[in-house]
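First comes the structure, then the notes that go with it.
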There are 2 protein chains.
Amino acid sequence: MLSKKTKYGIKALVHLARQNDREPVQISTISKSENISQKFLESILLTLRKNGMLGSKKGKGGGYYLLKDPKEIPMTTVMRLLEGPIAMVPCVSLNFYEKCADCPDENICAVNKLMLKVRDNTLEIFRNTTLADLSELADS
Amino acid sequence: MLSKKTKYGIKALVHLARQNDREPVQISTISKSENISQKFLESILLTLRKNGMLGSKKGKGGGYYLLKDPKEIPMTTVMRLLEGPIAMVPCVSLNFYEKCADCPDENICAVNKLMLKVRDNTLEIFRNTTLADLSELADS
DNA sequence: CTATTACCCTATAGATTTAATAGGATAATA
DNA sequence: TATTATCCTATTAAATCTATAGGGTAATAG
């Protein structure tokens, strides 16, 4: 299951991507528009900024804005930042690999085999989907 | 992330599928062979039996056994039974659909759009992978 | 220069889920 | 009738998630 943190984070990023200009958008604006608890959103945007995804401006007229072109932001980056590993088990994770304590040999492990396939497919989707793609309304 | 319950459940099912005959296998045997806490495994096998996946036999020479041919058991069934929804968000789930509280219109929701793609792909894999496929050792 | 605005940061708490354990009841077999 | 092995409920320990609280800091306007 996707955490609310990730869900809200994506929504906020898309909100910023849909902005025509790069003018800062206030937390409260996004919070109201996307129905997200303002304080919770605050902490999410903070981690997005700390990880180089967003810039911010303080004081009146301040807010958050995207640092890069939405076309240049693949969802792999966003997902790993907010949700962590894309794989469903650590033993098939590229960026968060961990050996299973119970599994003597990954090569003959059924779970490994299955989840490797799932990871490959999911990864492919996230790689080929940018924030710009998600910002285009409806269908496609 | 895949829960240990699901992980252990799949391993146990594969263990049973790898059995040549349909003779009952004791919990303790699977538990030792797969490095799973026996009591925890007990509860997992119980739910698998209650949902028509396994049969059981009590007393000496008892144990659990598959009720169907592994070729006839797609991973969609197993996953839904053990893990629940395959989708990462309830609003794109086929069997566990739920509307998001915060989302006024799913058709223009970026998260919905993205997770729908992921679900479609993952579902396809689970549909086309049977317990028999996972039981074949190594590569493929 | 000072009031206001809006982000910055840490800590904590409540709720939920997960993973496992405990302890015995029940049924089948030898 | 003793033994074996599943059946079943309840409980707990730990982890994670989802916020909320409460103030600090920097920028802007007038």
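Side-chain atoms are counted along with the backbone in the values below, which use heavy atoms only and exclude waters and symmetry mates.
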Review point. Taking for each residue the nucleotide of DNA chain D with the nearest heavy atom, is it A:K57 or A:T6 whose nucleotide lies nearer the 5' end?
Key: A:T6

Review point. Is the shortest heavy-atom distance from the side chain of A:L48 to the side chain of A:V78 under 4.5 Å?
Key: no

Point to revise | Leading and trailing nucleotides of DNA chain C with any atom under 4.0 Å from heavy atoms of chain A | key: C:dT5 to C:dC9

Practice item. Between A:G59 and A:K5, name the one whose nearest nucleotide on DNA chain D is closer to the 5' end. Key: A:K5

Practice item. If a pair satisfies salt bridge (charged side-chain N to carboxylate O under 4.0 Å, His left out) and one of its residues is in residues 85-105 of chain B, list it, with sequence neighbours excluded. Key: A:K7-B:D102, A:K11-B:D102

**Study point:** Under 4.0 angstrom between B:R49 side-chain N/O and D:dT6 OP1 or OP2
**Key:** no

Point to revise | Positive for side-chain contact (heavy atoms from CB on, under 4.5 Å) with B:L123, one of B:V118, B:N128, B:L94 | key: B:L94

Check your understanding: Please, which pairs that meet side-chain hydrogen bond (donor to acceptor under 3.5 Å, both in side chains) have at least one residue in residues 67-95 of chain B, sequence neighbours excluded?
Key -> B:S3-B:E83, B:T6-B:E83

Check your understanding: With a 4.0 Å cut-off on heavy atoms, is A:K50 in touch with a base, just the backbone sugar-phosphate, or nothing at all?
Key -> sugar-phosphate

Point to revise | Co-members of A:Y65 in a cluster of I, L, V, M, F, W and Y side chains, linked at under 4.5 Å | key: A:L67

**Study point:** Close residues, residues 90-97 of chain A, relative to DNA chain C [heavy-atom separation under 4.0 Å]
**Key:** none

Point to revise | Flag, side chain of B:N112 to backbone of B:I108, donor-acceptor distance under 3.5 Å | key: no

Check your understanding: Side chains of A:V89 and B:M1: does their closest heavy-atom pair fall under 4.5 Å?
Key -> no

Study note, to complete from the structure: B:M1 atom CE is separated from D:dC17 atom C1', nearest whole Å, by 15 Å

Check your understanding: What distance do B:L131 atom CG and B:E136 atom CD have between them, rounded to the nearest 0.5 Å?
Key -> 11.0 Å

Point to revise | Whole-Å gap separating C1' (D:dT20) and NZ (A:K4) | key: 16 Å

Review point. Considering residues at least two apart in sequence or located in another chain, which fulfil the side chain to side chain donor-acceptor pair (under 3.5 Å) criterion with B:Q38?
Key: none

Exercise for review: Any salt bridge (charged side-chain N to carboxylate O under 4.0 Å, His left out) involving residues 27-37 of chain B? Give me the pairs, sequence neighbours left out, ordered by first then second residue.
Suggested key: none

Practice item. Identify, residue by residue, the members of residues 61-70 of chain A with a heavy atom below 4.0 Å from DNA chain C, and return them in order of residue number, or none. Key: A:G63, A:Y64

Exercise for review: Using ring pair (Phe, Tyr, Trp, His ring centres under 6.0 Å) as the criterion, list what pairs up with B:Y8, not counting sequence neighbours.
Suggested key: B:F40

Exercise for review: Output the residues of residues 35-45 of chain B in contact with DNA chain C, where contact means a heavy atom of the residue under 4.0 Å from an atom of the strand; sort by number or write none.
Suggested key: B:S37, B:K39, B:F40

Practice item. Check salt bridge (charged side-chain N to carboxylate O under 4.0 Å, His left out) between A:D120 and all other residues, then give those that pass, not counting sequence neighbours. Key: none

Practice item. Check side-chain contact (heavy atoms from CB on, under 4.5 Å) between B:K39 and all other residues, then give those that pass, not counting sequence neighbours. Key: B:S37, B:E42

Study note, to complete from the structure: A:E23 atom CD is separated from D:dT28 atom P, nearest whole Å, by 12 Å

